[in-house]
K.L.:
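Pasting a structure below so you can have a look.
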Amino acid sequence: MAVTVCVPTHRGRLRHVSELLASLLVAARAVDVPVEIIVVDDSPEPEFQALRCRCVQLGVRHLRGPRAAGAKRNLAVRAASHDVLLFVDSDCVATPELIVGHLAALAGAPADVAGVAGATIWSGDRTPLWQILDFSRLYQNAVDVAARYTQVGWGTTSNLCVRREAFVRLGGFDEGAFTVVGGEDVDLGVRACDQGYRWLTCARAAVLHQRDSAGRWSQVLAKQFTYGRADVFLSSRHRHRRTWRANPVAISLMAMVFAVAGVRTGLPPWIMLGGAVPVLVALPRTGPQLVRRWGGALVDLAFDAGITWEALRQGRPVSAVCTFVYTDDREFLPGRAATRA
């Protein structure tokens with residue numbers, strides 16, 4: 001089984017991609033099958049040319065691509081020479097057994113196995129920001145499915161191996177998603193399961209996800225907001241996996257609208273303060289390290305804000321109080337205990 005590694009990248013990732021490519025070459029030397037690496041990049045000049053020169057030095061293919069991550073991955077697949085596709089994000093570093101582990105998990109797997117979700121382990125300094133993110137219920141959950149389950153319904157493209165035949169049959173990543181990044185990997189996994197495929201996991205096939213790729217509050221909140229928007233895409237497309245949820249941001253907004261209407265009809269202005277109550281209720285978390293707990297709650301509220309924004313932007317306010325069901329007992333089979341670096 002020969003392997004094509006597909007890496008999408010963008011502005012500001014030159015150092016990260018260079019480190020990833022060096023680690024992938026080490027992982028490729030651990031197997032006795034052909035391995036090619038394709039980087040699809042939409043960085044501006046001169047960063048694009050700098051990465052191209054680095055790719056030429058390492059014998060890696062470097063392609064100019066579109067902005068959306070899913071479309072970049074599809075372009076890499078169209079250019080791929082091999083039948084095993086390994087998707088790795090540009091802010092990760094491959095462990096030496098990454099490719100060995102994926103091939104071992106695929107070897108002898110039945111035809112209904114679409115691919116393998118490898119482990120993604122956070123790596124780097126636990127800065128004050130990352131100490132706060134440990135208290136977020138949402139920010140780090142998606143990357144450790146390979147550590148918690150033996151079989152899953154989807155895997156993140158930080159480390160996901162897919163059989164090319166299955167990928168083509170599924171039509172690849174959805175390029176019509178309205179977020180630049182976020183949700184397209186979950187969507188691929190769900191569509192595969194709906195067509196009778198399964199996804200295995202392999203903790204041995206691991207990448208290290210570098211924490212410094214999200215080192216500022218603005219980056220973290222923007223990413224969570226985008227993932228909230230992606231949640232609307234997922235729950236709208238896969239309605240059989242949608243459920244009702246009390247979104248505190250949406251409820252606060254609706255309460256504020258009613259309060260404003262009440263003030264116009266003669267109610268006292270202080271009634272508008274009631275609109276903030278659902279958000280304020282969602283923020284406090286008891287226990288030690290209260291400031292960090294509140295910070296983690298704020299990160300989760302950014303996700304809720306993304307859902308609310310996208311639902312209203314599409315003119316579908318009902319979607320603001322819905323959410324996608326990411327795991328279920330039918331496709332996610334518990335296995336190993338969750339671990340984090």
K.L.:
Any sub-3.5 Å donor-acceptor pair from Asp112's side-chain atoms to Arg198's backbone N or O?
P.N.:
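Not confirmed, Asp112 side chain does not pair with Arg198 backbone.
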
K.L.:
How about Gln49: does its CD atom have over 12 heavy atoms from other parts shown lying under 6.0 Å from it?
P.N.:
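Enclosed: over 12 neighbouring heavy atoms sit under 6.0 Å from CD of Gln49.
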
K.L.:
Might you point out which heavy atoms bring Gly182 and Ala230 nearest each other, and give the distance in Å?
P.N.:
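Looks like O-CB, 3.1 Å.
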
K.L.:
Check whether Arg61 reaches the backbone of Glu36 with its side chain - one donor and one acceptor, N or O, closer than 3.5 Å.
P.N.:
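Checking the backbone N and O of Glu36 against the side chain of Arg61, no donor-acceptor pair under 3.5 Å is found.
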
K.L.:
Any idea how His62 and Phe48 line up, ring-wise: parallel (<30°), tilted (30 to 60°), or perpendicular (>60°)?
P.N.:
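His62 vs Phe48 ring planes: tilted.
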
K.L.:
Linking I/L/V/M/F/W/Y whenever their side-chain heavy atoms sit closer than 4.5 Å, directly or via other members, would Phe303 and Phe233 fall into one cluster?
P.N.:
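Yes, Phe303 connects to Phe233 through the hydrophobic network.
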
K.L.:
Is it true that a side-chain atom of Asp83 and a backbone atom of Arg164 form a donor plus acceptor pair closer than 3.5 Å?
P.N.:
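No.
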
K.L.:
Are the side chains of Val162 and Val77 in touch, meaning some heavy atoms are under 4.5 Å apart?
P.N.:
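With C-beta onward as the side chain, the pair stays apart.
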
K.L.:
Step through the shown structure and confirm whether more than 12 heavy atoms of other residues, nucleotides or ligands are within 6.0 Å of CG on Asp329.
P.N.:
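Atom CG in Asp329 is not packed in, count stays at 12 or less.
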
K.L.:
Hey, are the side chains of Gln314 and Ser319 touching, using non-hydrogen atoms and a 4.5 Å cut-off?
P.N.:
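Contact flag for Gln314/Ser319 side chains = no.
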
K.L.:
Would you say that Val3 contacts Pro34 through its side chain, given a criterion of any heavy-atom pair below 4.5 Å between the two side chains?
P.N.:
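No. Closest side-chain heavy atoms not under 4.5 Å.
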
K.L.:
Any side-chain heavy atom of Ile99 within less than 4.5 Å of one from Val33?
P.N.:
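When only atoms from C-beta onward are counted, Val33 and Ile99 do not touch, as no gap falls below 4.5 Å.
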
K.L.:
Apply side chain to side chain contact (heavy atoms under 4.5 Å, CB included) to the pair Val232 and Arg316, showing each step before the final yes or no.
P.N.:
CA-CA 10 Å; Val232 178; Arg316 300 176 180 176; 5.7 Å; no

K.L.:
Ignoring hydrogens and angles, tell me if any N or O in the side chain of Asp300 forms a donor-acceptor pair with the backbone of Arg137 under 3.5 Å.
P.N.:
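Here the side-chain-to-backbone pair exists.
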
K.L.:
Are Glu47 and Leu51 packed together at the side-chain level, in the sense that at least one heavy-atom pair is separated by less than 4.5 angstrom?
P.N.:
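A side-chain contact under 4.5 Å is absent here.
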
K.L.:
State, to 0.1 Å, how close Val84 and Cys161 come at their nearest heavy-atom pair, and which atoms those are.
P.N.:
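Closest pair (atom of Val84, atom of Cys161, distance): CG1-SG, 3.3 Å.
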
K.L.:
Is the closest side-chain donor-acceptor distance between Thr127 and Asp125 under 3.5 Å?
P.N.:
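No, Asp125 and Thr127 have no side-chain donor paired with an acceptor closer than 3.5 Å.
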
K.L.:
Can you check side chain to side chain contact (heavy atoms under 4.5 Å, CB included) on Ile38 and Leu75, steps first, answer last?
P.N.:
CA-CA 10 Å; Ile38 301 176; Leu75 177 59; over 6 Å; no

K.L.:
Which pair of non-hydrogen atoms, one from Cys55 and one from Leu21, has the smallest distance, and what is that distance?
P.N.:
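Cys55 and Leu21 have their closest heavy atoms at SG-CD1, 3.9 Å.
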
K.L.:
Go through the steps for Val145 and Thr201 under the test side chain to side chain contact (heavy atoms under 4.5 Å, CB included), then give the verdict.
P.N.:
CA-CA 8 Å; Val145 292; Thr201 67; 5.6 Å; no

K.L.:
Would you give the length of the straight line joining atom CD of Gln195 to atom CZ of Arg169, rounded to the nearest 0.5 angstrom?
P.N.:
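With rounding to 0.5 Å, CD (Gln195) is 5.0 Å from CZ (Arg169).
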
K.L.:
Are Leu160 and Leu234 connected into the same hydrophobic cluster when the rule is that any two of I, L, V, M, F, W, Y join if their side-chain heavy atoms are below 4.5 Å apart?
P.N.:
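Yes, Leu234 connects to Leu160 through the hydrophobic network.
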
K.L.:
Would you check if Arg73 and Pro8 make a side-chain contact, meaning some heavy-atom pair closer than 4.5 Å?
P.N.:
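Arg73 vs Pro8: side chains touch.
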
K.L.:
Would a single hydrophobic cluster contain both Tyr326 and Trp199, if residues Ile, Leu, Val, Met, Phe, Trp and Tyr are joined by side-chain heavy-atom contacts under 4.5 Å?
P.N.:
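In one cluster: yes.
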
K.L.:
Taking only Lys NZ, Arg NE, NH1 and NH2, and the carboxylate oxygens of Asp or Glu, determine whether Arg13 and Asp41 approach each other closer than 4.0 Å.
P.N.:
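Looking at Asp41 together with Arg13, the answer is no, because their closest N to O distance does not fall below 4.0 Å.
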
K.L.:
Can you say whether the rings of Phe167 and Phe87 are parallel (under 30°), tilted (30 to 60°) or perpendicular (over 60°)?
P.N.:
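Taking Phe87 first and then Phe167, their aromatic rings sit tilted (interplane angle of 30° to 60°).
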
K.L.:
How about Asp231 and Thr323: does a side-chain donor come under 3.5 Å of a side-chain acceptor?
P.N.:
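Note: Asp231 and Thr323 side chains meet the donor-acceptor criterion.
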
K.L.:
Check whether Asp185 reaches the backbone of Thr157 with its side chain - one donor and one acceptor, N or O, closer than 3.5 Å.
P.N.:
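Such a contact is found between Asp185 side chain and Thr157 backbone.
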
K.L.:
Considering only heavy atoms from C-beta outward, does the side chain of Val190 approach that of Cys193 to under 4.5 Å?
P.N.:
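No - every pair of side-chain heavy atoms lies 4.5 Å or more apart.
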
K.L.:
Verify the cluster assignment for Leu14 and Leu24: are they in a single hydrophobic cluster under the rule of side-chain heavy atoms below 4.5 Å apart?
P.N.:
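Yes, same cluster.
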
K.L.:
Report the residue from Val116, Leu85, Leu106 that forms a side-chain contact (heavy atoms from CB on, under 4.5 Å) with Arg163.
P.N.:
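Exactly one option meets the side-chain contact (heavy atoms from CB on, under 4.5 Å) with Arg163, and it is Leu106.
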
K.L.:
Give a yes or no answer on whether the side chain of Ser252 reaches the backbone of Val249 with a donor-acceptor pair at less than 3.5 Å.
P.N.:
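Pair absent, no side-chain N/O of Ser252 close to backbone of Val249.
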
K.L.:
Taking atom CG of Asn247 and atom CH2 of Trp244, what is their separation to the nearest 0.5 Å?
P.N.:
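One finds 12.5 Å between CG of Asn247 and CH2 of Trp244.
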
K.L.:
Specify the closest pair of heavy atoms between Asp187 and His238, including all atoms of both residues, with the distance to one decimal.
P.N.:
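Smallest heavy-atom distance, with atoms named: OD1-NE2, 2.7 Å.
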
K.L.:
Could you please spell out the steps behind the salt bridge (charged side-chain N to carboxylate O under 4.0 Å, His left out) verdict for Asp212 and Arg15?
P.N.:
CA-CA 11 Å; Asp212 64 2; Arg15 177 181 63 81; 2.7 Å; yes

K.L.:
Dump the intermediate steps for side chain to side chain contact (heavy atoms under 4.5 Å, CB included) on Trp154 and Thr156, then the final yes or no.
P.N.:
CA-CA 7 Å; Trp154 52 267; Thr156 65; 3.8 Å; yes

K.L.:
Indicate the atoms forming the closest heavy-atom contact of Cys322 with Ile307, along with that distance.
P.N.:
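Taking every non-hydrogen atom into account, O-CG2, 4.2 Å.
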
K.L.:
Side chain of Glu310, backbone of Gly228: donor and acceptor closer than 3.5 Å?
P.N.:
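No; judged by distance alone, with no hydrogens or angles, the pair does not exist.
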
K.L.:
Say whether Asp89 and His209, considering side chains only, have a donor N or O and an acceptor N or O under 3.5 Å apart.
P.N.:
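Short answer, no.
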
K.L.:
Heavy atoms only: give me the nearest Cys202-Ala105 pair and the separation to one decimal.
P.N.:
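Result for this residue pair: CB-CB, 4.1 Å.
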
K.L.:
Has the side chain of Thr95 got a donor or acceptor atom that lies under 3.5 Å from a matching backbone atom of Ala206?
P.N.:
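Such a contact is found between Thr95 side chain and Ala206 backbone.
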
K.L.:
Under 6.0 Å from the CZ atom of Arg313, do we count more than 12 heavy atoms belonging to anything else shown?
P.N.:
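Atom CZ in Arg313 is crowded, with more than 12 foreign heavy atoms closer than 6.0 Å.
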
K.L.:
Quick one: are Lys223 and Tyr139 in side-chain contact, heavy atoms under 4.5 Å?
P.N.:
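SC-SC contact between Lys223 and Tyr139 confirmed.
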
K.L.:
Rounded at 0.5 Å granularity, tell me how far CG in Leu298 sits from CG in Leu221.
P.N.:
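Here the interatomic distance stands at 5.5 Å.
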
K.L.:
For the pair Lys72 and Asp42, find out whether any cationic side-chain nitrogen is under 4.0 Å from an anionic carboxylate oxygen.
P.N.:
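So Lys72 pairs with Asp42 through a salt bridge.
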
K.L.:
Among the clusters formed by ILVMFWY side chains lying less than 4.5 Å apart, do Leu138 and Phe225 turn up in the same one?
P.N.:
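No, no single cluster joins them.
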
K.L.:
Do the side chains of Arg64 and Glu45 get close enough for a salt bridge, i.e. N-O under 4.0 angstrom?
P.N.:
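Here Arg64 pairs with Glu45 in a salt bridge, since their nearest N and O are under 4.0 Å apart.
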
K.L.:
Are any side-chain N or O atoms of Arg191 and backbone N or O atoms of Leu170, one a donor and one an acceptor, separated by less than 3.5 Å?
P.N.:
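Yes; at least one donor-acceptor contact below 3.5 Å.
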
K.L.:
Test your reading of the model: is there a side-chain donor-acceptor pair from Arg211 to the backbone of Gly124, 3.5 Å cut-off?
P.N.:
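A pair under 3.5 Å: yes.
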
K.L.:
Verify the neighbour count for atom CH2 of Trp309: are there more than 12 heavy atoms of other residues, nucleotides or ligands below 6.0 Å?
P.N.:
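12 or below, so no.
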
